[in-house]
Each structure stands twice: as C-alpha cells, then as structure tokens.
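To keep things clear, I will list the structure first and then write my remarks on it.
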Amino acid sequence: MQGSQIFSDPITRVEGSARIVFVVDGESVRAYYQVLEFRGFEKLAVNRHIEELPRIMSAICGVCSWSHHLASAKAVDMIFGRSPPPRAKLTRILANYIQIIDSHLLHLGIMAFPDLIYWGDGRRDILRLYRDYPEIAAAALKARSIVKHIENKLGGKFQHAALAVPGGISRGLLKDDINEILKWFAELRPVVSTLHKFFDEHIKNNKKFREALKDNRFVLRGLSMGLVRDGFLEFYDGVLKIVDHNGKVVEEITDSLKYAEVIGEGIADWTYAKLPYYRRSNLRILDEASTFIVGPLARLNVADKVYGNAAQSEYGEMIDEAGGKPILNILFYHWARLIEILHSVDAIEDILHTHERELLEGDTMDLRETFRPEGVGILEAPRGTLIHHYRAGENYITTYANIITPTTFNNSSINISLNKVCSRLAKEIKAYGRPEPETLSIVESIIRAYDPCNSCATHCLYLNNMELSISFKLIVINSNGEVLWRSG
Amino acid sequence: MWRPRIVAFFCKWCAGAAAEVAGVSRMHYDPSVIPIIVPCTGRVSPEMVMHAFLNGADGVLIGGCHTPNDCHYIAGNFKAFKRIYMLRKLLQQAGIEPERLRIEWISATEAVKLVRVVNEFSETIRRLGPLGGKHA
Amino acid sequence: MRLGVFVCHCGVNIAGTVNVKKVVEEALKMPGVVHAEDYIYLCSQPGQELIAKAIKEKSLDGVVVAACAPSLHYETFAKVVEGAGLSRYRYEMVSIRELDSWVHIDKEAATDKAIRIIAAAVAKLAGDRHYDMIKMNVVKKLLVIGGGIAGITAALTAARMGIPVVLVEKSPTIGGKMAMLSETFPTLDCAQCILTPLMAEVARHPLIKIYTLAEVEDVTGSVGNFRVRIRVRPRGVKVEDCRLCGFCERVCPVQVPNEFNRGLNKRKAIYIPFPQAIPSAYAVDFEHCTKCGLCLKVCPTKAIDLEMRSEVIEDVVGAIVIATGYDLYPGSKVSEYRYGIQNDVIDSLQFERILSVQGPTRGEMRRPSDGRPIKRIVFIQCVGSRDVNHLPYCSKVCCMYTAKHALLFKERVPDGEAYVFYIDVRASGKGFEEFVKRAQEEAGVQYIKGRVSRIYKDRVTGDVVVEGFDLLLNREIVIKADLVVLALGMVPAIDRGLVEKLKIAVDQYMFVSEVHPKLRPVETAVPGVFVAGAAQGPKDIPESIAQSMAAAAKAAELLLRGYIEKEPIIAEVDRDRCNGCRICISICPYDAIELSEGRAVVNEAKCEGCGACTAACPVGAIQLRNYRNEQALKMIEAVLTVR
Amino acid sequence: MLKLAVIPGAICGGCDVALASVGEDLLKLLKYYEIVYWPTVIDRRMSELEDIDIIDVLIYMGGISTKHELENAKKLSAKSRIKVAFGTCSVYGGIPGFNTLYSPLEVENFVKRQSTMHLQQDRFGLPEVVEYMAYTDVIEPEILIPGCPPTEKVLDQFVKILIDYAQSRRLQGRHILLGDPESLCRSCPRKPKDMSKIVMPGIKRLYEVKLDETKCFLEQGVLCMGPVTRAICNHSCIANNFPCYGCGGPVEINSDSGLAMLSALSSLFMVDKEKSLMETGLARELDKVADPIGYFFKYTLPKSYLSRIIKMRKGEKSAR
C-alpha cells in the first residue's frame with residue numbers, strides 16, 4: 001500500500017457521518033470503518049467552569065444526551081468530593097433507565113427487526129415490515145412519545161436535560177410528578193410486551209437467524225466490559241468488570257480513576273474516532289484480543305444476574321442458545337437488548353413503587369466541598385460503557401477532558417468484525433465485479449448489531465431496498481485508489 | 001507607517017472637563033486619541049467598546065469621575081468599572097491583550113493626569129501594535 | 001436630511017493647527033451634509049448671522065458647530081439655531097480647539113482628528129430628534145439649612161417674596177456665630193443690634209417655620225420636589241410656656257463648659273445660650289442632664305418635660321439653600337502657639353465674648369485664666385491660614401476683626417498696649433483700609449510685620465512671653481503680654497453626611513463648590529440646591545448677607561415661576577421590547593424608573609439622563625434620547641473609518 | 001408535491017430526533033411535501049438529491065465543521081427556494097461554537113497528544129476539518145429555528161408556516177425568526193408580584209448554592225440568561241429549578257446576547273454595596289467568573305462580537 005492515496009471523487013464525497021472502505025490489494029483485503037464526524041468536545045471543554053460541563057457535554061449526542069449529562073455529572077461530583085444524597089441519586093438512576101429503554105425500544109422495533117425477520121434474503125424493507133406487522137410500528141412510535149413525556153418531567157427538556165448539579169439534582173420529584181410518570185409508564189408496559197411477543201414468535205424461531213447465531217463470522221473474541229453491582233446487571237453505579245473471550249475475569253475496576261491503566265486510546269489517520277484497546281495486553285490496536293466489546297451483549301457477559309423474572313428467564317434461554325457464557329456472536333446483541341428492556345422496566349417499576357418515599361423526600365444536593373483535582377464518571381449508556389474524565393484547576397476551571405463513548409469502544413470491534421467478511425467480498429468482486437447481496441446484508445447486520453451512534457446520523461429508520469443500498473457508503477477500492485464498486 | 005487608532009470615551013463632567021482644562025493650559029498629548037464625549041461612563045456599554053475594536057480601534061480608553069463620590073450621576077462610574085473589568089477578563093481569555101482597554105478616574109481639575117494617561121496609553125498601544133483591524 | 005457643518009477658525013487658535021479648509025471639504029462628503037463653511041469667529045455677531053442665514057437659505061434641518069468648548073458657547077449657538085427656527089436638539093457642538101488644536105502640534109494629525117470629531121457629531125446628529133422641554137410643577141417652599149446670619153437673611157428674603165420657608169438649625173437657637181460677636185467692622189455697630197431684630201422678624205414671620213436642635217436626615221427627589229426628612233432632637237422645654245424666669249437654671253446642679261462663650265465659663269444642664277435667643281426659651285442639654293428633676297419642681301409654668309422624644313418631620317420643598325456657616329480651625333492643631341485658656345492664648349471668638357457685655361467678664365478687660373486686668377495684648381494673624389501645613393488659603397476676614405479687636409481694646413484700656421503680628425494686612429473692602437489706619441494711628445496699635453516663633457507662660461510673672469521677629473526693623477522682638485489672641489483660619493461647618501445626601505460637589509477643604517464663580521455663583525451642580533455664606537468660602541458678614549439675598553433670589557426665580565423646565569435628554573422605554581426584567585429599576589441611582597403593567601416607564605422628573613440603564617438593558621429596550629445605541633455605534637464607526 | 005430535504009451538518013442528532021418526533025404533524029406535512037432526502041429517516045442517496053434541480057424546502061441542521069459540509073451547504077442551498085436553519089447550531093453555532101476559539105489543527109494535535117498509540121496510515125479521503133461556523137455564516141436562510149433542540153412551540157410554528165407556504169406559495173417576511181419576540185423574563189413565573197428591585201448578592205457559581213424553587217435566579221446571585229434569551233420554550237429548565245443557559249439565542253437575530261448579559265450582570269450585582277466594596281472588593285467578586293466565554297456565550301459564540309474580532313485578528317474575512 002503506497003502512502004497517501006489521491007482518490008477519485010466518489011470516495012471523497014461523503015454521505016452520513018460514517019462509511020466502510022474495503023481496500024483490495026491483490027489477495028489481501030482490509031476493511032476500514034471510517035467515522036467522518038469531527039466534534040472536538042474534549043478540547044472545547046477546557047477552560048469551562050467545571051460545574052457547567054454536564055449541560056455542555058450533553059450536546060455530544062442528541063439521542064443519548066441523558067447518559068452524557070449523568071456521566072459528566074458523576075465526574076463533576078467527584079471533583080467537588082460530593083456524593084449525591086439518596087433522593088438525587090435515585091432520580092438520576094431513574095432517568096438513566098428511561099434512556100436505556102427509550103434507545104433499545106427504538107433500535108429493536110425499527111432497525112433490528114427488519115434485519116432479523118428477513119434475514120439474509122436481501123429484501124429487508126421497513127415499510128414491508130410495517131405492512132406485515134403494523135402493531136410494531138405503532139408500538140415503536142408510542143414508546144417514543146411516552147419516554148419524551150417522562151424525560152420532560154425529569155429534566156425539563158427530553159434532550160439536553162437540565163437536572164444534574166454538582167452533588168445532586170436541581171429539583172426533586174413531587175407526588176404529582178410521580179403520578180404522571182406512573183400513568184405514562186403504565187402505557188409503556190403493553191408496548192414492551194408487544195415487542196417481546198413479536199421477538200419470541202418471529203425472531204427466535206427464524207431458522208436463518210438461529211443458524212447465523214452459530215455462524216463463526218459473527219464471532220468476535222474480544223473483551224466484554226460493563227458495570228456490575230453485586231453480580232447484577234447495573235447501568236448507573238458499580239464495578240467496571242472485564243471478561244475475556246474465555247470467560248476469565250481480567251479486570252474489576254472499583255476506582256473509576258484507574259480506567260486509564262486498563263483502557264488505551266489509539267488513533268488512526270483514516271478516522272476521527274479513537275480506537276480503544278486493552279493496555280495490559282502486549283497486543284496492538286485492532287487486534288481481536290485487545291479489543292473491547294461494550295453494550296447489551298457485553299453487559300450480560302459480565303453480569304451474572306438480571307432483575308425481574310421475565311428478564312431472568314429470557315437471559316437463561318439466551319445462554320442455553322449460545323451454549324454458555326461468554327457469548328461472542330455479536331448477533332446476540334439484539335436478544336440482549338430485549339433482556340435489558342425487560343430488566344429496566346422491572347427496575348423502574350420497583351423504584352416508582354417501593355422507593356417512592358425516597359424519591360419524594362430528602363435533600364436534593366450535597367453542598368460539601370473538598371476539592372479533588374480529578375474526577376471520572378463511568379456509567380452504562382444504551383450502547384455501552386461511557387467514560388467522562390475531567391481535571392479541574394484553581395477556581396474550578398476545567399483543565400483536561402477525555403471522553404470515551406460506547407461507539408468509540410465499538411469502533412475497534414466493528415473494524416475487526418468487518419475484516420472477517422473481507423475475503424468473501426474480495427472473491428465476489430473479482431468474480432462478478434460486485435459483491436453478492438447476501439454479503440452486503442451481512443456487512444450491514446454487523447453494523448446494525450453494534451448499533452454505532454456516530455452522532456447518530458447513521459441511524460436509519462427506513463430502509464428502502466433499491467439495490468440494497470445502505471444509508472452509509474460502502475466502497476471498494478484497489479491499492480492505487482481506483483473505485484472498484486460503491487453502494488448506491 | 002502604522003499609526004494607532006484609539007477611541008477615548010470621556011465623561012462630560014470629569015474627564016471631559018479635564019480635557020478642556022488641558023486645552024486651555026495648552027498641554028500636549030498624542031493626536032491619535034480621538035475623544036467621544038459621553039454624559040457618563042455609565043453610558044459606555046461593552047457593545048460600544050467591542051464595536052470600536054471591530055471597526056479598527058487598536059485601543060479604547062475610558063475616562064470617568066473618581067469613585068466613590070465624584071460621579072455627577074452618583075454611581076455611573078461604578079457600573080462602568082464593573083462592566084469594563086469583566087470585559088477585560090473576556091478579552092484576556094480570548095487572547096486579546098486586556099491592556100488595549102483601560103479605564104481611569106480623572107477629575108475635572110486633573111488635566112495633568114489626563115495628559116499623562118493619554119500619552120501612557122497611546123505608548124502602550126504602540127508597543128502592542130495593531131489589533132489587526134482593517135487598516136493593519 | 002439636510003445638515004450644515006460650521007467650522008470656526010477662532011482667529012489662529014484653531015486655524016493655527018487645523019487646516020480648516022480641508023476640514024470643510026471633508027465635511028461636505030459626510031452623509032447628510034449639504035452645507036459646510038468656516039468663519040474666523042463664529043461666536044461673533046457676523047458669525048452667528050452667517051449660521052442663521054445658512055440655515056434659512058439652505059433650509060438646513062441639522063447643524064454641527066465645530067469650535068471652542070461647548071461649556072463656553074453651547075448656549076450661544078443654541079440660541080442662534082433656535083432663532084433660525086430650528087430645534088436646539090437638532091444641533092451639536094464639538095470642541096476642536098480645547099480637544100484638538102490647542103493640544104497638538106502636528107498639523108496633519110490635528111486636522112485628521114478634527115475631521116473625525118466632526119464626523120462623529122454628524123453621525124450623532126443624523127439620529128437626533130427634537131423633544132419639548134419637560135415641564136414639572138415646583139413645590140413653592142424653600143428649605144434653609146443653617147440658622148446663622150446667612151440662613152436668616154435667605155429665609156427672610158424668600159419669605160418677604162411670599163415663599164414659605166423651613167429653617168433648620170442644629171443648635172438650640174438661631175443667630176449662629178454673629179450672635180457671639182460684640183461689634184462688627186468697619187462701622188463698629190453692635191452685632192446684637194443688627195441681628196436680634198432680624199431674628200425676631202424670622203420668629204414672627206408667618207411663612208417661616210423654624211426647627212432648632214434639628215438636622216436634615218435625608219433628601220430624596222429632585223429640583224422642584226425634594227422630599228426632606230428632618231430629625232428634631234428633644235428640647236426638654238415647651239417653648240410657648242417658658243417665661244425665661246431662670247428658676248430652673250438656678251437649681252440645676254450640673255455645670256458644663258458654655259459653648260456659646262467658647263468654654264470661657266460654665267453653664268447649667270438647662271440653659272439659654274444668650275438672652276435674645278430665638279426661640280426664646282430654655283433648652284435641656286440631655287447629654288449632661290442627670291434627670292434629677294429639681295428644675296421640674298421650681299418651674300412656675302411646668303414648661304419642662306424631660307421625657308420628650310426626638311421626632312422626624314417629613315416635608316416636600318422646591319429648593320434648598322445651604323447656609324451651614326463656618327467654624328474656626330482648631331487651635332490645638334497649631335501646637336507651637338500653646339493655644340488654651342489656662343495659657344491665656346485664646347482665639348478671636350473667645351476674645352469677642354470677653355469684649356461682649358453679656359460675656360463671661362461682662363465686657364471688662366480681664367484675663368480668662370486668673371482674671372488679671374489686661375494691659376498688654378498680642379494679636380497673631382494667619383494662624384493656620386496661608387500655611388501649606390494647615391490651610392493654604394487666606395481666611396479673608398481676620399485682618400479686619402483683629403484691627404477691630406485692637407481698637408475696642410484701646411477704647412476700653414486707653415493706656416493699654418496692643419501689638420499685631422501680621423504677614424500682610426488685607427483690608428480690601430469699602431472703608432476697610434481707613435479702619436485699619438485708624439487703629440494704627442489713632443489707637444496706636446503696634447503692627448509688627450513678622451511671624452511669632454515661640455510663646456510660653458512665664459511661671460513667675462504670669463506673663464505670656466511672645467518671641468517673634470520684626471521684618472521691617474530686621475530684629476527679634478520679645479513681648480511680655482497679659483493675653484494672646486490667635487486669628488485662627490475659617491473652615492466650613494458642613495458635615496460629610498449632608499454633602500453625600502445632597503449629592504453636591506465640595507472642594508478639597510469641604511467648602512461647597514459653586515457651579516461657576518461668575519456665571520452661577522450661588523448655585524451648586526445639583527439643580528435646585530443653592531449655597532450662601534461661609535459654607536461656600538471664607539467671607540465677612542456683609543458678603544454673606546449679599547450672597548444670601550442672591551441665593552434667595554435665585555431660588556425664587558425657580559419657586560415663583562411654579563414650574564421648571566428640564567432638559568428633555570432623558571431615558572425612554574420602547575414598551576414593546578421591554579420584558580419587565582427589572583434590571584434597569586435595580587441599577588438606577590435616582591429610582592427614576594417604575595414598572596407599570598409589567599413594563600418599565602421613566603419618571604421624567606427624576607431621570608437625570610446618565611444612561612447607566614441603557615447600557616445594562618439586556619435587550620436595548622431603554623434608550624437615552626439623542627444618545628441611542630445605534631447613534632453611539634454610528635459615531636464610533638465615523639471616528640474610526642479610514643480616510 | 002413540494003420537495004423537502006433535510007441536510008445534517010455537524011450535528012448531535014438531537015434535531016433529527018426533535019423533528020422526527022413531531023408526531024402527527026409530520027404526517028400532515030407529508031400531504032404537501034415529499035421528503036427527498038433525510039438520511040436519519042429515509043434512505044435516499046446524495047446522488048439523487050443532486051439530480052433534483054429545485055428543492056422547495058431545504059432544512060439544514062447543525063453547524064459546519066468540514067470542507068465537505070461547507071460545499072454541500074452552499075451547493076444545495078443555491079438551488080433551494082426556502083432555506084431553513086434548523087436548531088441553535090445552524091442558526092448561532094451552538095455549543096460546538098466553542099471550536100471557533102481554536103484552529104482545527106490545534107484540536108487535532110490536542111487529540112493526538114491524548115492518544116496512547118498512533119497508527120500512521122492513509123487518510124482514505126477523510127474529509128478535512130475547517131474553522132467551525134454556523135449555517136447562517138454561509139447562507140441567508142428564510143426561516144430560522146432556534147432551540148437546542150427546537151421545542152414543540154417553535155416546531156408547531158414551523159409546521160404551520162410550511163403548510164401555509166405549501167398552500168399559498170408565499171412567506172410573510174424574509175428572515176422569519178421563530179419563537180416569540182420577547183425574552184424569558186416577560187412571563188417568568190419567578191418574577192415577584194410587587195415587581196420589586198433585584199437585589200443581587202454578588203456572583204454565586206452553580207456549585208455554591210442550593211437554588212430556591214421560587215425566587216428569581218439573579219436574586220440568588222446565580223447567572224440566568226433569561227433576560228437576553230428569546231422565548232422559544234415555556235420556561236422548561238427554569239421550571240426544573242435550573243437557570244436558563246440561553247439555548248434559544250438572542251431575542252433579535254443579530255444582537256450579541258452574551259455581551260448584553262455580561263453588561264447586565266456586571267451592572268446589577270451588589271449595586272447597594274458598591275461604595276463600601278470599592279474597586280478591589282468588586283473585582284474580587286467578578287473574579288469568581290473564571291470563564292467569561294463559557295459563562296455568557298455557550299450557544300452564540302460564533303455570532304458574538306468577540307469571535308468576529310478574533311476572526312478579524314486572524315486576518316480572515318468572516319465567511320460571508
């Protein structure tokens with residue numbers, strides 16, 4: 001491969017915020033998942049008042065702004081040496097659960113199902129899905145509006161919320177707030193069961209999907225990472241546990257400040273996203289064993305128990321299907337999302353009923369002040385582990401900010417998974433001058449499984465199937481930059 | 001050759017009067033300082049200062065009455081001080097030399113001080129060089 | 001827009017450094033300018049006619065005059081402009097003399113600067129609008145602070161013009177320092193004979209309300225409508241019932257130094273400062289009264305009430321005259337003269353009390369320390385005054401009252417000797433020089449030009465030894481005297497609190513600053529507040545009286561007209577854009593902005609047009625008339641545009 | 001059917017979700033408009049958009065941070081009748097607007113310094129980053145929708161305008177800035193009934209004070225951008241006991257709301273203690289604002305006098 005390639009127009013013309021480039025060089029083929037978006041939030045956070053970061057950093061992502069808001073708040077709490085009183089902490093946990101449900105329902109209902117139902121037959125069309133199963137479309141949109149109301153109630157705005165202050169929350173929930181949330185939440189239950197029933201009937205017993213679950217190409221022998229608390233699946237506050245592909249626990253980080261000893265951040269010239277890797281291994285970036293898997297599947301790999309019997313039974317069924325833990329076939333992500341929805345729904349139910357008094361009474365803010373120069377907030381966003389790491393100087397001014405988003409973690413894993421499909425694609429290009437539809441849909445299923453959120457522009461709600469084009473570019477070039485084929 | 005372009009907001013009652021006394025006593029100071037007489041330094045808004053910088057001023061000088069009691073309008077000078085102090089912090093943080101913006105208390109009898117301040121300020125601006133305005 | 005620019009040469013004052021022709025040329029290029037011309041002396045009659053003619057012929061609707069300082073001729077040209085039928089608010093004057101030609105040598109730079117100054121004025125003028133003068137009714141009542149001769153004269157002059165007056169005096173009686181004097185120069189007529197009739201007239205005058213033992217606690221509002229709070233301390237005696245019988249004074253056990261006699265003798269806790277005091281009643285000195293109650297028993301008319309409380313009077317007046325008078329510079333500060341009664345080194349007011357028949361010595365020339373008759377007396381001039389370490393200024397009246405003291409002394413003790421140590425004798429009033437000559441020649445007072453270096457008491461003989469130097473004879477001189485009188489300098493008696501409440505300007509010695517010695521001698525910078533008497537600066541009684549009458553007359557000009565016209569250049573609210581965020585009302589130092597129906601509205605009477613609110617308004621809803629935000633920005637652009 | 005295209009610039013995705021979750025209104029729009037391009041919602045390719053010669057309504061979301069986005073914005077806007085700047089990033093630059101303080105190179109080096117390993121490889125046409133700017137720095141849109149993200153209030157207005165345009169083919173006015181032309185103080189629930197003066201006790205940072213749920217924030221010493229921010233929401237953050245950060249931008253399009261609030265706040269605090277504190281005391285209080293740029297200019301930095309002066313200093317002419 002020569003050094004810098006001068007590329008013809010198609011490749012430089014970009015669409016959406018990510019694309020895949022396959023570089024065919026004779027027999028060998030390399031896949032590059034290029035993130036084309038440039039945000040620069042780590043630089044713009046410097047010099048800001050540290051206590052204002054939770055609302056500034058939530059602008060990193062409009063879909064999961066709550067996770068950034070809360071993770072940032074945790075880091076800021078640490079810098080002030082404050083721990084939010086129970087009422088504040090519980091409200092934040094409730095908000096984070098709502099975010100998890102919202103994102104998973106949206107993804108499962110609108111993106112995952114078409115991939116899974118029409119598995120591999122190349123004609124996956126959301127409009128067709130909705131004609132065949134209208135109740136799914138209704139359920140998905142209903143979920144969306146319910147969550148919007150609850151989020152408005154918690155943070156004033158359903159995106160870029162105004163809730164977290166250093167050491168707590170700006171306003172505690174009142175009795176009628178909770179009643180309203182309960183009313184909306186009651187409407188959410190049927191939506192969840194619709195999707196659950198649909199998943200049981202149409203996904204689980206879809207023969208092709210079951211075979212794919214066994215297909216080695218979808219396996220990634222990476223390191224599963226996620227929060228656990230007393231063995232339970234945890235989203236807000238817990239131990240960051242890392243399990244290798246054999247199931248051996250390699251790390252259990254209790255002090256969030258220590259994350260950097262374990263997680264390294266590489267960069268490459270062909271993408272604006274970082275490429276995290278496991279520093280304790282002597283391997284380099286983009287080696288399968290040094291790459292992290294985060295998100296629903298990873299969380300369930302590191303957790304032993306989930307909450308609520310619906311989730312528990314699904315969890316058991318999934319493990320049997322996968323033949324034991326850790327589950328390394330990335331298509332199980334979809335199944336894991338369903339389990340996490342069930343888990344979260346029961347968890348919220350529990351908070352709203354048994355802990356109602358705790359939510360209604362007590363202090364909302366801890367005003368103590370023991371300045372610590374550094375703070376790291378780790379929590380589980382819908383798509384996986386999210387880390388906000390700040391340092392503050394005198395007068396509480398931010399001097400350093402480092403953010404590792406779940407998509408950044410998955411950035412490395414996507415690259416590796418794609419490289420497993422390269423050889424087949426190269427053969428088809430050589431034979432027919434274009435990739436088989438089946439290969440393309442596999443490529444897209446991989447992306448869909450990880451559910452990357454490159455500032456979420458790549459979320460495609462509707463897929464029309466003209467020529468199997470996918471919303472982001474797939475381009476195949478040879479070693480001197482000529483385009484052999486491009487999608488759409 | 002570059003000549004500094006400096007706008008000076010003098011309040012009518014103190015700095016403005018001192019400027020007149022400086023004239024009557026035939027004192028001399030740098031001609032590149034153009035005076036704009038305002039009723040009170042309290043009338044000078046940060047927007048006016050920034051508008052001056054944006055339109056080619058290399059320095060802005062504000063002359064008002066001594067705190068705490070000289071201000072003809074009681075507390076206009078305090079308002080000016082607070083706004084200019086914060087504005088200088090803003091400029092400094094953005095990498096613009098705060099010395100380009102200066103506020104001084106000059107009573108009607110202190111023509112000597114006015115001349116000293118004007119000459120000092122224009123010397124500072126010469127040292128700092130052009131802000132990068134149109135005529136740079 | 002048809003604007004005219006007029007540039008003055010002012011002889012060579014401007015044209016000497018500024019190329020006036022080029023300025024006129026450039027002015028014609030400025031937006032909206034249709035006419036520009038220069039003239040040698042715009043302020044002259046032909047100059048003024050030139051402007052008026054241009055306005056009419058070219059039907060100009062705006063004029064910029066670039067000449068000397070507005071503080072000199074703004075009014076002159078305003079009248080010209082108005083004479084030509086144009087509003088004075090469509091006219092701007094800028095100084096290219098004091099601010100430009102006089103302060104720069106580099107001709108080219110000065111010309112460039114003149115052009116920019118004019119360009120800014122043209123930019124401002126483009127946005128200027130006409131406003132009618134603001135008319136506000138005026139409360140026809142005058143407040144006079146200080147009951148000395150100045151205050152009394154001002155009150156009487158105003159009352160005689162039909163203006164109700166509130167006279168506020170800190171001590172128990174009006175009369176001030178003049179009441180302490182024996183005779184007054186140069187006519188030597190008795191102070192009491194001039195003063196007491198005036199005091200009586202003030203007491204009797206139906207339009208004058210006197211508050212003694214009173215001080216102005218707070219002043220709010222503005223000219224025409226000053227809301228005043230006066231705190232009146234308890235007198236302890238019901239004025240109408242007191243028959244001045246003096247029984248109470250006799251039984252009162254408390255003895256304290258008598259401040260009316262400057263401490264030369266004692267007085268009781270219940271006392272009357274001097275027999276002709278107005279209000280003519282006794283007063284209780286609550287600081288020293290032990291409330292033993294003896295006086296209560298003896299008072300025939302039960303006029304005494306020791307439980308009286310201080311009260312606060314609220315009133316609204318249209319104008320205020322400050323007549324707070326003077327005090328002597330503290331003798332203790334000039335330590336080398338050993339000032340003090342026991343050293344027989346006293347100040348001039350104390351000597352007045354010794355001269356006075358009502359004084360502690362009943363007018364006899366006896367020393368305060370041991371009562372020894374005074375044969376030889378030394379007067380020392382300029383004690384504290386004309387001295388950079390104390391009072392750099394001359395207190396003006398000491399030379400005259402010392403000559404008077406010496407003359408009166410020689411009348412009382414024909415064979416006595418009087419010496420006067422002086423630097424220069426300043427006797428500049430009518431009949432003053434002759435008066436001093438009379439003292440020197442007829443009364444044989446020895447005037448010694450020189451400074452006194454040391455004074456000490458000779459323990460044995462009891463004499464006060466004065467060592468000085470006689471410049472004319474160029475030799476030291478030592479005088480063994482019975483008494484030394486220091487002519488201490490005059491300092492203002494006004495206190496810092498009143499100055500801040502009235503927001504008036506004072507100089508570094510705390511004398512009240514008049515707006516302009518010639519143009520507006522009795523007015524302070526605060527409209528509606530006037531000053532008279534020693535409060536404004538050292539002066540003698542005739543000048544104080546003249547000034548008080550002037551102050552009363554100026555106040556009457558305001559009060560009798562019934563309304564005042566106020567410069568309409570104040571803040572203005574665009575009510576659609578105002579969101580009632582309350583920021584402007586919170587920072588206005590004059591509380592001149594109120595909120596009605598949730599939006600700001602400017603109180604025309606109170607707003608002084610400083611503009612602090614306009615720069616703070618978050619959405620620019622409140623603007624200063626003819627100094628709007630867009631005008632200011634245009635001015636800045638005009639000043640900075642590259643020629 | 002009129003053609004409507006949604007072009008994502010440098011976005012966080014919030015505007016996509018906000019527009020998508022407009023609910024039934026979206027369906028109403030679909031009666032008049034055909035969505036020809038909206039990657040988040042439908043899968044049309046850029047190539048198809050290029051074939052279309054006139055786009056009736058172009059909705060541009062987000063700021064501009066890469067050369068490609070800049071060309072894309074100019075190219076597509078050139079052939080659009082109604083250009084809509086959707087969201088505070090597009091209208092004022094938004095929070096990413098802080099990037100205008102640094103050159104893109106500075107930021108790339110900053111990221112490189114933080115990384116622990118660097119793969120030297122080809123860029124494969126990775127788009128080049130330019131100086132961050134708002135959409136309105138490049139194009140003069142007919143409709144401007146502030147909000148981060150735009151609220152239901154402004155979106156309702158927007159849908160009505162679009163439907164009205166579809167029926168009458170006319171727009172009232174050239175530069176329509178949505179939201180109400182007043183600041184949040186106009187109808188703020190925290191204003192005291194008696195409209196008394198604001199007594200601001202110095203400057204308190206958010207961490208110093210437990211906020212009272214009824215009192216005006218300025219009276220608690222905490223900065224609230226309400227006085228300078230356009231009323232695009234119904235006080236949602238303020239109702240959640242959180243001071244407004246000004247995401248609605250200034251009340252009028254080209255006023256510098258950050259600078260106005262800087263002046264208002266400085267004038268307002270400790271008015272009653274000025275003479276006792278004097279300069280040193282007042283300065284000590286002002287020094288608590290250690291980051292004036294972040295404090296006053298969270299959403300509007302690219303449109304501020306400050307950033308125009310910084311640009312002037314760097315010699316570049318401002319983009320438009």
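Numbered from 1 within each chain, the chains take letters A, B, ... in sequence-line order.
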Contacting region of C:Arg577 [heavy-atom separation from chain D under 4.5 Å]: both
What part of C:Ile585 gets within 4.5 angstrom of chain D, counting heavy atoms only: side chain, backbone, both, or neither? both
Quick one: does NZ or CZ of C:Lys606 land under 6.0 Å from the six-membered ring centre of C:Tyr590, within 45 degrees of the ring axis? no
Proximity breakdown for C:Cys613 and chain D, heavy-atom pairs closer than 4.5 Å: neither
Salt-bridge present (C:Arg227, C:Glu314; N to O < 4.0 Å): no
Less than 4.0 Å between a side-chain N and a carboxylate O, is that true for C:Lys124 and C:Asp128? yes
Proximal component of D:Ser196, with respect to chain C [non-hydrogen, under 4.5 Å]: both
Looking at chain C, which one of D:Leu184, D:Leu262, D:Val271, D:Leu218 has the largest number of heavy-atom pairs inside 4.5 Å, strictly under? D:Val271
Under the 6.0 Å and 45° cation-pi test, does D:Arg205 pair with D:Tyr207? no
Side chain, backbone, both or neither of D:Val251 within contact of chain C (heavy atoms, under 4.5 Å): side chain
Is C:Glu597 paired with C:Arg575 through a side-chain N to carboxylate O contact shorter than 4.0 Å? yes
D:Glu252 versus chain C, the contacting section by heavy-atom distance below 4.5 Å: side chain
Parallel under 30°, tilted from 30 to 60°, perpendicular over 60°: which one fits the rings of D:Phe158 and D:Phe86? perpendicular
Under 4.5 Å heavy-atom distance to chain C, tell me which part of D:Ser255 shows up: side chain, backbone, both or neither. neither
